[in-house]
There are 2 protein chains.
Amino acid sequence: MTLLSYDEFIMETSTALDGLTSFYKLLSNRSRLAIVLELRSGEANVAELCHRTGLSQTLVSHQLAALRNADILRVRRAGKHTYYQLADEHITTIVGYALEHLGEREV
Amino acid sequence: MTLLSYDEFIMETSTALDGLTSFYKLLSNRSRLAIVLELRSGEANVAELCHRTGLSQTLVSHQLAALRNADILRVRRAGKHTYYQLADEHITTIVGYALEHLGEREV
DNA sequence: TTGACACATGACACTATTATCATATGATGA
DNA sequence: TCATCATATGATAATAGTGTCATGTGTCAA
C-alpha cells in the first residue's frame, strides 16, 4: 500500500479509469468479443476463428489487429498460418467471471 | 448441465454473447464507468455524483438513464433528491475483479 | 401559488466505430 | 518464377455514440 499525493492519486485513478474504459471498449463489440470468447479455449488461426465465429476473414483480421494493438493477444506465425492466443490468463478470467456473474443476475 | 439442441445452443451462446456485449458496451464509456465506480462505495444522488466525477448534471443524468435502462441501477426517490445505487453486488464484483486483474497485467 | 432547487429529457452537432470492398503482402509448393 | 493460399491493410459509407444546450417536470418552502 503506497501513500499517494493528491496529484498522484488523481493520476492513478484517472489512468485506472482510462485503462478500464479502453479495456471494456475493446470487449464491447460483438465480433471482437466472439473472438475473445473463442480464444478462451486456446490457440486458433484466422481461418479457424472465421469458421467458429461465422465472421468474414477481413473482419476477423481487423478485430485481431485491434486486440493485438491492445496487447491482449499473443501471435505465433507458422508457415502460411498465424495463430493467436490470449496474452495471459487474466483476460480469460475477467471475461469468464463476467459471463458467470451476468448469468446469475435476474436480468 | 442441460443438453441443448444445436439451435438452442446457438440461441444460448448468441444471447450470452449479446448480453455480454451490451454489458461491456455499457461500461465502455468513461463517464458511465466513472459513475459506476463511484457507486461501488454505495448510494449517491445526482449532485453527489456530479461533484465526485466532475461531470455535468446533464451528462450524469443521461448516463444514469442508460444504466437504468440496462437494469444496472436501483433508484430511490427522497424529496427533491434521487438516490442511485448498483442493482446488485454482481456489478461491483465484476468491475472490481476486472480492475484488480488489469492491474496485474504488465500492460 | 410562486420561485427555486434537483433532476430528467429532447434535439442536435460532432466524432468514433462498424463492417465491407478492394487490394496488398508474405509464405509455400509446383 | 508463378500461382495460390492465408492473412493483413487501406479506404469508405453507414451507423452509433458522445456531450451539450435548451427546456421540461416534480418537489419543497415561503
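Letters go in sequence order (proteins before strands), and every chain restarts at 1.
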Counting distance only, does the side-chain N/O of A/R32 pair as donor-acceptor with the main-chain N or O of A/L26 below 3.5 Å?
yes

Distance-only donor-acceptor check, side chains A/R68 and A/Y84, under 3.5 Å
yes

When rounded to whole Å, the CG to P distance for the pair A/L55 and C/dC21 reads 14 Å

Taking atom P of C/dA8 as reference, at what distance in whole Å does atom CG of B/L67 sit?
12 Å

Output the rounded distance in Å from CG (B/L33) to C1' (D/dG17).
16 Å

Under 3.5 Å, is there a donor-acceptor pair between the side chain of B/S41 and the main chain of B/E38?
yes

For a quick test of reading the model: is some side-chain N or O of A/Q63 closer than 4.0 Å to OP1 or OP2 of C/dA19?
yes

Out of D/dT27, D/dG19, D/dT7, minimum distance to the side chain of B/K80 belongs to D/dT27

B/H81 atom NE2 is separated from D/dA29 atom C1', nearest whole Å, by 13 Å

Can you tell me how the ring of A/H101 sits relative to the ring of B/H90, calling it parallel under 30°, perpendicular over 60° and tilted otherwise?
perpendicular

Out of B/L73, B/V46, B/L64, which residue meets the side chain to side chain contact (heavy atoms under 4.5 Å, CB included) rule with B/I35?
B/L64

Pick out the pairs of N or O atoms, protein on one side and nucleotides 8-13 of chain D on the other, that lie under 3.5 Å.
unit_1	atom_1	unit_2	atom_2	d
D/dA8	OP1	A/Y84	OH	2.3
D/dA8	OP2	A/S61	OG	2.8
D/dA8	N7	A/Q57	NE2	2.9
D/dT9	OP2	A/R68	NH2	3.1
D/dG10	O6	A/H62	NE2	2.8

Short side-chain to backbone donor-acceptor contact, B/Q63 and B/V60, under 3.5 Å:
no

Specify the separation, in whole Å, of atom OH of B/Y24 and atom P of D/dA16.
23 Å

Phosphate OP1/OP2 of D/dG19: any B/N29 side-chain N/O under 4.0 Å:
yes

Is it the case that one hydrophobic cluster holds both B/L37 and B/L59, taking links as side-chain heavy atoms less than 4.5 Å apart, direct or via other members?
yes

What is the distance, rounded to the nearest whole Å, between atom CG of B/L49 and atom P of C/dA6?
14 Å

How many Å lie between CG on A/L26 and C1' on C/dT17, as a whole number?
13 Å

Rounding to an integer number of Å, can you tell me how far B/Y83 OH sits from C/dA6 C1'?
11 Å

